[in-house]
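Whatever order the structure lists ligands and atoms in, that order sets their numbers, starting from 1.
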Amino acid sequence: MKKRVLSIMMATAMIATLMMGCGNKETPASAPAADNTPAANTEAPAADTSAADAEAPAAEASGSLADMKVGVCIYQFSDNFMTLFRTELENYLIAQGFSKDNIKIVDGANDQATQSGQIDNFIAEGVDVLIINPVNSSSAETITDKVVAANIPLVYINREPGEDEEKRWADNDWNVTYVGCDARQSGTFQGEMIVDLGLEKVDMNGNGKVDYIMVEGDPENVDAQYRTEFSVKALTDAGLEVECLSDQVGNWQQDQAQSIVANALAQYGNDVEVVFCNNDAMALGALQAIEAAGRTVGQDIYLVGVDALSEALENVLAGTMTGTVFNDHFSQSHSAADAAINYLTGAGNEHYIGCDYVKVTQDKAQEVLDMVK
Ligand code: GAL
């Protein structure tokens, strides 16, 4: 017998028009004041565990959870980070008592129309809860409306809907929440890793500035905008002058980043002192371009990413990447599953469930690698 305990359940153009190219970007209206930036957290990562080590679910809940159907929409299966996320999510859901057969995870193939059709299908199938990583954050309002109308609780992950949209969930007391980290923190950590090197070391062309190139993720994810903005802000907050040589969108993809960085290195040569990439996949592409150009990370150029993919951590350990930032897919996937369970059991959730990033320089890389491997 199914037990469904449900209450009745951005459009902001926050990231719609990312200005490309260098120059001072406006802080988006939705961004909080600078001093709301999460405090730097360089402590050892929380001893979060993978699903394999997860505690056994409460006996009373596990019986009914086995009958519950979970629909999971991922914006794109080929995304490295979201692959770690969805694998851990599925394992953890099973560890909590859901049946593998009742967990359906679908690939939106980076196309909102495809994903919207998948959501319609899940609604028609009568899933008990939906976990959605939207292709377009700006479609959240439409998605929320149809899911709420079908009385299905909804957990958004990874691509945060806008503030206005989140406010609607609270105002209407809907069973809708968002689980994710605050990307401002990851950007700040990236910048701090460069600040910590000291201007003398970084300013190899001696112009008194940090000359950098920025490779941005898909602007449909606010993470791209915030990482871009807050990495540079950490430099200027530390009193450093900066010079943006190139700022382009690599859509989270290694191959796109490789050609962007190869072109930028060809154009600006030794003036490029720092390469900021909004994620590790792109940092790995940047590294290929850096090596092909005969440059050496740690000696004549610095490179930072975000996510803490194993390959990136190996490079941080080897010194071929300056650093990365752990995007805790364990914590995020577990919190998303826990939020789904809280809706199903009637416990409910806050409308925003956060988590912390972790700064990863060479001294911490092995510790994080041991955790993610
Ligand atoms: C980010 C992550 C990227 C990419 C993106 C997808 O949080 O750092 O690598 O997975 O999410 O929306």
J.: Going by the angle between their ring planes, with limits at 30° and 60°, are Phe81 and His329 parallel, tilted or perpendicular?
T.: perpendicular
J.: Rounded to the nearest 0.5 Å, what's the gap from CD on Glu314 to CE on Met321? Could you check?
T.: 12.0 Å
J.: What's the separation between atom CD1 in Ile132 and atom CD1 in Ile143, rounded to the nearest 0.5 Å?
T.: 5.5 Å
J.: List for me each residue that meets side-chain hydrogen bond (donor to acceptor under 3.5 Å, both in side chains) alongside Thr83, sequence neighbours excluded, and say none if there are none.
T.: Arg86
J.: To the nearest 0.5 Å, what is the distance between CG on Leu265 and CG on Asp271?
T.: 11.0 Å
J.: Once the angle between the rings of Tyr178 and Tyr352 is folded into 0 to 90°, is it parallel (under 30°), tilted (30 to 60°) or perpendicular (over 60°)?
T.: tilted
J.: Show me the short polar-atom pairs for ligand 1: any N or O of it lying under 3.5 Å from a protein N or O, with distances only.
T.:
| residue | atom | partner | partner atom | Å |
| --- | --- | --- | --- | --- |
| ligand 1 | 7 (O) | Asn158 | ND2 | 3.3 |
| ligand 1 | 7 (O) | Asp223 | OD2 | 2.6 |
| ligand 1 | 7 (O) | Arg227 | NH2 | 3.4 |
| ligand 1 | 7 (O) | Asn327 | ND2 | 3.2 |
| ligand 1 | 8 (O) | Arg227 | NH1 | 2.7 |
| ligand 1 | 8 (O) | Arg227 | NH2 | 3.3 |
| ligand 1 | 8 (O) | Asp307 | OD1 | 2.6 |
| ligand 1 | 8 (O) | Asp307 | OD2 | 3.3 |
| ligand 1 | 8 (O) | Asn327 | ND2 | 3.3 |
| ligand 1 | 9 (O) | Asn279 | ND2 | 2.9 |
| ligand 1 | 9 (O) | Asp307 | OD2 | 2.6 |
| ligand 1 | 10 (O) | Asp79 | OD1 | 2.7 |
| ligand 1 | 10 (O) | Asp79 | OD2 | 3.0 |
| ligand 1 | 11 (O) | Asn158 | ND2 | 2.9 |
| ligand 1 | 11 (O) | Asn221 | ND2 | 3.3 |
| ligand 1 | 12 (O) | Asn158 | OD1 | 2.6 |
| ligand 1 | 12 (O) | Arg159 | NE | 2.9 |
| ligand 1 | 12 (O) | Arg159 | NH2 | 3.4 |
| ligand 1 | 12 (O) | Asn221 | ND2 | 2.7 |

